[in-house]
Enquirer: 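For reference, the structure I am asking about is given below.
Remember, predicted model here, so these are calculated numbers, not experimental data. Throughout, protein chains are lettered first and strands after them, A, B, ... in sequence-line order, and every chain is numbered starting at 1.
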Number of protein chains: 2
Amino acid sequence: PFYTRETQDDSYFSAYADIGIHEDMLADTVRTNAYRLAILRCWEQIRGKVVVDVGAGTGILSLFCVQAGARKVYAIEASALAEETRKVVKANGMEGRIEVVHGRAEEVELPEKVDVIVSEWMGYSLLYESMLPSVIYVRDKWLKKGGLLLPSKATMYLAPITDAEVEDRLQFWEDIGTKYHVDMSALKPYAHRCITRKVQVKPVQMEDILATPAKVMTFDLTEVSAEDLSCVQGAFSFSCYGWSQMQGFATWFDVLFPSPKPVLLSTSPYSEDTHWMQSVMSLDESVQVTQDTRVNGVIKITPNSRNNRFLDMALKYSIDGREEVERLYPMDDCR
Amino acid sequence: PFYTRETQDDSYFSAYADIGIHEDMLADTVRTNAYRLAILRCWEQIRGKVVVDVGAGTGILSLFCVQAGARKVYAIEASALAEETRKVVKANGMEGRIEVVHGRAEEVELPEKVDVIVSEWMGYSLLYESMLPSVIYVRDKWLKKGGLLLPSKATMYLAPITDAEVEDRLQFWEDIGTKYHVDMSALKPYAHRCITRKVQVKPVQMEDILATPAKVMTFDLTEVSAEDLSCVQGAFSFSCYGWSQMQGFATWFDVLFPSPKPVLLSTSPYSEDTHWMQSVMSLDESVQVTQDTRVNGVIKITPNSRNNRFLDMALKYSIDGREEVERLYPMDDCR
């Protein structure tokens, strides 16, 4: 998913009723092709079986499951788009195979247990918009023992980065001032605070990564519980590649599909771009690092207490053995 | 101004506390240079005089007024940015000349009447975000009789257009379906409704304009009252240039600065691009027009009853003498 604006749950689902968000998700061919490939490669496990698609949207993953031979697909969609999904199903001649179920994953009743769960639940920085608990709920209630989850594993990564974009946005205030013959540089500290106050969803270039990324957390989706997700954390310990200005940390994720030949959907800066981009947490001040400079710490992620679709990302870190820094980065209104 | 998201007034001002919005406004050199030029050209009316800057933001217009010789500038700013504006003033050595007044234009007290009002109050399609009533309030309360308003006149334009972008976004559902070997074309009617439900703020190309634009309304800012703005309307009557698909109407505006050599800040598709772009209202179905096809109608704009920063744009029109069509286009959450 690719959630952008509103806050409460009704707004959350109404955002998915707008077509623009689905344009963006389907235009992300890395995402959609990874699902398509994984589903088709799992045809032996899907053929003749019952599938549930949690948060079906336009229904594209349900269509892929029928192409892979599913006997029946329950396409759960909470937003008003569900009516349109029915039309898509019909246009593809799959009314007999796909049943669109308009409702929330936690509230709908299915006529039978399922063999497979397919869902594209990942938000920015993996956990933004907190849709995974809905998938877990469906798994515990409707998935047969030993059933298949697509994807089945998710990993979050973290790495120290240099970040010219923040510098460029600050430099703007020098340049624009010169252009208009006034001095606007007094705004730079404030601009820095505005820009770095929250998690920034934006692209990170691989050459800006300053050390081998750490796997900070891994979720086995066949086992993880909603409670496990109420507070997740992971430690990291980096050894920098070389001389550079460290300006923040970036996170990204990948999810694994357990087909006979596994498919990995990666949102890494080392992989092809996706609509998820990366998520950046900037330091208050940049720090000079050099070869083998140690950067140690812990990241802790909790749903925001006022809106559980939002996240609070807490970082605790120490660079080069200096005093530990603690900072909270809200991840709320991501564009 | 360049307001994007939130709804109520606190959110309105908090949006202006974020630096990004000011980056976008100052990066719009058409906008900022028009104000700079107009202010400097009015130096004879500003020199030694008292100015109020309504919604000062970063303070840039206030700085221009001091450069033009103002004795005193009251820079009214309601958002938390006001503290930063003070720093900008100080960095420019203008503490003695510019007084930043942190508060709402309707609530602040100034120690004296003013000779000049400068304000950049224009929103998308001129009236979005409804800041003009605040300028009118300040004018009636604080401007000396015969004082100068910068700008002093605003005009809104309307024209019939062809609009390939909507077609392109609909075509997406054909193309993407082919790419994934499924049929997604059933979503096109829904996508059309989503895209065209509201006023779309986006660039219109001059070659997409199908008839000589109409001036649908003009505001003399020295005289217009807040009551006048509670419902504004204008009639139009077009005679199309030639054979084309008419897909909607576009609006834009210009404002005039009454300097000895007048300055016009135009957001027309015939002028240089600005951050205001143009505003588009799409027809439900495109209509074939040809040379001299008549398009007549009325546009009526009212603040939205639930949130007066938003607008309701009502169109009533008839193409080629056919049955009159009435439609309401909300202008709420503009990006």
Enquirer: Do A/R36's NZ or CZ and the ring of A/F257 fall within the cation-pi criteria of under 6.0 Å and 45°?
Expert: no
Enquirer: Return the minimal non-hydrogen interatomic distance between A/V166 and A/Q200, and the atom names on each side.
Expert: CG2-OE1, 3.7 Å
Enquirer: With no hydrogens and no angle check, do the side chains of A/T196 and A/S282 hold a donor and an acceptor under 3.5 Å apart?
Expert: no
Enquirer: Side chain, backbone, both or neither: which part of A/D175 has an atom under 4.5 Å from a heavy atom of chain B?
Expert: neither
Enquirer: Anything under 30° is parallel, anything over 60° is perpendicular, the rest tilted; go ahead and classify A/F64 against B/Y180.
Expert: perpendicular
Enquirer: Does any heavy atom of chain B fall under 4.5 Å from the side chain of A/R197, the backbone, both, or neither of them?
Expert: neither
Enquirer: With a 4.5 Å cut-off on side-chain heavy atoms, are B/D163 and B/K202 touching?
Expert: yes
Enquirer: Could you look at A/K90 and say if it's the side chain, the backbone, both or neither that has a heavy atom under 4.5 Å from chain B?
Expert: neither
Enquirer: At a 4.5 Å cut-off on heavy atoms, which part of B/F172 comes close to chain A: side chain, backbone, both, or neither?
Expert: side chain
Enquirer: Testing the 3.5 Å rule here: is there a donor-acceptor pair between the side chains of B/T274 and B/E272?
Expert: no
Enquirer: What part of A/E83 lies closer than 4.5 angstrom to a heavy atom of chain B: side chain, backbone, both or neither?
Expert: neither
Enquirer: Atom CG of residue position A/D273 - does it have more than 12 heavy atoms of other residues, nucleotides or ligands inside 6.0 Å?
Expert: no
Enquirer: Out of A/T32, A/L81, A/D18, return the one with the most heavy atom pairs under 4.5 angstrom to chain B.
Expert: A/T32
Enquirer: Side chain, backbone, both or neither: which part of A/T29 has a non-hydrogen atom closer than 4.5 Å to chain B?
Expert: both
Enquirer: Out of A/V88, A/N92, A/N33, which one racks up the most heavy-atom pairs below 4.5 Å with chain B?
Expert: A/N92
Enquirer: Do you know which of A/Q67, A/H22, A/E23 has the most heavy-atom pairs with chain B at a distance under 4.5 angstrom?
Expert: A/E23
Enquirer: If you tally heavy-atom pairs under 4.5 Å against chain B, which of A/R169, A/K179, A/K87 wins?
Expert: A/R169
Enquirer: Non-hydrogen atoms of chain B under 4.5 Å away: do they reach the side chain of A/I176, the backbone, both or neither?
Expert: side chain
Enquirer: What are the two closest non-hydrogen atoms of B/S119 and B/Y35, and how far apart are they?
Expert: O-OH, 2.8 Å
